[in-house]
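Worksheet: one structure, shown below.
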Amino acid sequence: MPGATTLPASELSSLFGAYLQAVCRRSAQALASCGYRALLVHSGSLLPVFEDDRTYPFEANAPFKVWTPLAEPDCFVYFQPDQIPVLVFNQPTNYWHKPPAPPEGYWTAYFDIRTCPDRESARAVLPPDLGTTAYLGEAFAELGSWGTAAKNPARLIRHLDFGRAVKSPYELACLREASRLGARGHLAAQRAFAAGESEFGIELAFLAACGLREQELPYNPIIALNESASVLHYQVLEKHAPAARHSLLIDAGAEFAGYASDITRTYSAGDGDFSALIARMHAMQHALCEGVRPGADWREVHLRAHRLTAQVLQEAEILTCSADEALAAGVTSVFLPHGIGHLLGLEVHDAGGFMRSPEGGDIPRPEGHPYLRLTRTLEEGFVVTMEPGIYFIDSLLQAAQADKRARLINWSRVKTLRKFGGIRIEDDLAVTATGCENLTREAFRAELSPT
Ligand code: GLY
Ligand code: MN
Ligand code: MN
């Protein structure tokens, strides 16, 4: 269920109504193109821990989250075009756990809600014949006897996912809320870093400020002190603060009604030289954000990021050659080995980043850029991250030192900067008719000077 919000429920409710109508239209078209008459979407089941009676934290499947912010296991949405969607709400009764409360809130009026005590009994409240219904979700034991037409048909999933890239006003409102919560967490994390907390202590400050449990976040926070910032998806969360503090890289986002924010900031503990490099990265990130508008080819945005990275490396005296020479020799990929950004929405790396059309065909990544997650041309309503970075990653530096790139890099400068790990600056951008709205910077502004 959504957490605290600054939006009035009545506004969210009318936004949700319009959004759900669009989802119904999109789903009806997708079903018709793929030869099905109805859709059955599962929220997912609890996953038991081997040889125990505990389960892993539950996470609802994204195709279910498209329909409802309800994050409970073994619920279903059944949709037949021109009919009100059915929500099968699973409300188990056992004395070990507190049963989930009946759904309430701004979105419930749009569903025909049917309550069941377990997954098996959901079948009885669904139409008797599911022979033209496509099912989306993991297979579960009794699904085979339900008589659905198909399980996870790839063509249908593709049609549905393609449409998810353009966000509606409701989704943008949720993404703004997720950004606001994320910014609140980041400001608390920055204070915890200044107070000398460990990585774990910084995470606790982030969680408390967001008002979310770790399992309610869109991804595990990446909180790296010093050279650990060179590990792109660093996961350790050291419990003890290091003896010397040089830098913090925090990549952490929050979630609202299933929608994610994905925010990274890097701070220097005081070193002026590293602070100056962080400032250059903010300026470069700003320049990249300025280029985000409808019609921008994301592959070009990514390649421009490499050109700008070469300039920053050159200005920061990390190169012994010109920016152009470094770019041509592939030196920028040593320092920036990930994609410049990705689609953002119900999933932190949202679906459909490579799709040429709903019917088929993928847009390939530029050669030599294997980790880019988005190759589409931007349209109004897309929400993307912009996340340039410069890192001092031992394995990549060693590989560069062993080949012809070695003479292009200023190794004594690299040695000086290594203890800071790296820098990433990441904002979330909503593409507008003429440019983009920076959800992250707006959220920080609002948190710093609430009206
Ligand atoms: N937080 C993961 C990413 O930035 O893509
Ligand atoms: Mn990201
Ligand atoms: Mn991130």
Side-chain angles (χ1 to χ4, degrees), residues 59 62 164-165 167 175 178-187 189-190 199 202-203 206-207 210 212 214-225 228-237 247-256 258-267 278 281-282 284-285 288-289 292 298-299 301-302 305 309 335-354 365 369-376 378 382-391 393 421-431 436 438-441 443-444:
E59 202 155 318
R164 275 171 52 187
K167 269 56 180 188
L175 286 157
S179 296
R180 185 90 189 246
L181 289 172
R184 199 174 296 165
H186 269 263
L187 290 169
Q190 186 183 2
E199 293 167 353
I202 294 169
E203 190 199 39
F206 178 85
L207 294 171
C210 294
L212 294 170
E214 201 174 58
Q215 65 202 65
E216 293 171 309
L217 301 181
Y219 57 96
N220 290 336
I222 298 160
I223 297 177
L225 291 170
S228 295
S230 71
V231 182
L232 298 181
H233 285 172
Y234 177 76
Q235 77 287 17
V236 175
L237 294 175
S247 60
L248 166 68
L249 185 154
I250 168 165
D251 180 343
E255 195 169 298
F256 178 81
Y259 289 86
S261 56
D262 181 8
I263 302 170
T264 311
R265 289 292 181 267
T266 308
Y267 304 103
I278 293 174
M281 291 300 289
H282 273 280
M284 190 250 256
Q285 199 258 8
L288 287 166
C289 293
V292 169
W298 195 254
R299 295 170 301 179
V301 174
H302 176 83
T309 300
F335 297 94
L336 172 59
H338 60 69
I340 194 59
H342 49 85
L343 293 172
L344 179 74
L346 289 167
E347 292 170 289
V348 66
H349 302 137
D350 220 9
F354 303 105
R365 299 179 176 99
H369 297 270
Y371 297 112
L372 187 58
R373 290 191 172 100
L374 173 61
T375 52
R376 286 167 73 172
L378 300 181
F382 276 30
V383 175
V384 294
T385 65
M386 181 62 79
E387 47 183 305
I390 284 182
Y391 312 89
I393 302 171
I423 301 171
R424 176 159 69 252
I425 308 296
E426 177 174 27
D427 289 345
D428 304 338
L429 311 174
V431 181
C436 69
N438 190 319
L439 304 178
T440 308
R441 304 235 172 209
F444 274 109

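All values below were derived from every heavy atom in this structure, side-chain atoms included, with hydrogens, water molecules and symmetry-related copies excluded. Counting starts at 1 for both ligands and their atoms, in listed order.
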How about D251: does one of its N, O or S atoms come closer than 2.8 Å to the Mn ion (ligand 2)?
-> no
Which residue holds the protein heavy atom closest to atom 3 (C) of ligand 1, what is that atom called, and what is the gap in Å?
-> D262 OD2, 3.4 Å
Sub-4.0 Å heavy-atom approach of H338 to ligand 1 | no
When only distance counts, is H342 in polar contact with ligand 1, meaning an N/O pair under 3.5 Å?
-> yes
Partner of S179 under side chain to side chain contact (heavy atoms under 4.5 Å, CB included), picked from L344, N438, D428, D262, is D428
To the nearest 0.5 Å, how far apart are CZ in R424 and CD1 in I250?
-> 11.0 Å
Side chain to side chain contact (heavy atoms under 4.5 Å, CB included) between M281 and T309, worked out | CA-CA 9 Å; M281 291 300 289; T309 300; 5.8 Å; no
How many degrees, to 10°, between D262 OD2 and E426 OE2 as seen from the Mn ion (ligand 2)?
-> 80°
Which distance, rounded to the nearest 0.5 Å, do you find between the CG of N220 and the CD of Q235?
-> 9.5 Å
Which atoms of ligand 1 have any heavy atom of E426 under 4.0 Å away?
-> 4 (O)
Ligand 1 contacted by V348 (non-hydrogen, < 4.0 Å) | no
Measuring to the Mn ion (ligand 2), does H342 have an N/O/S atom at a distance below 2.8 Å?
-> yes
Below 4.0 Å from any atom of ligand 1, is there a heavy atom belonging to H349?
-> yes
Pair H338-Y391, side chain to side chain donor-acceptor pair (under 3.5 Å): steps then yes or no = CA-CA 10 Å; H338 60 69; Y391 312 89; 2.7 Å; yes
Could you tell me the separation between the CD1 atom of I390 and the CD1 atom of I425, rounded to the nearest 0.5 Å?
-> 10.5 Å
Determine whether Y259 and V383 make a side-chain contact, defined as any pair of heavy atoms from C-beta on separated by less than 4.5 Å.
-> no
N/O/S of E387 less than 2.8 Å from the Mn ion (ligand 3)?
-> no
Do F382 and V292 touch side chain to side chain, with heavy atoms closer than 4.5 Å?
-> no
Those atoms of ligand 1 less than 4.0 Å from some heavy atom in D251 | 1 (N), 2 (C), 3 (C), 4 (O)
Looking at atom 4 (O) of ligand 1, what's its closest protein heavy atom, distance included?
-> E387 OE1, 3.0 Å
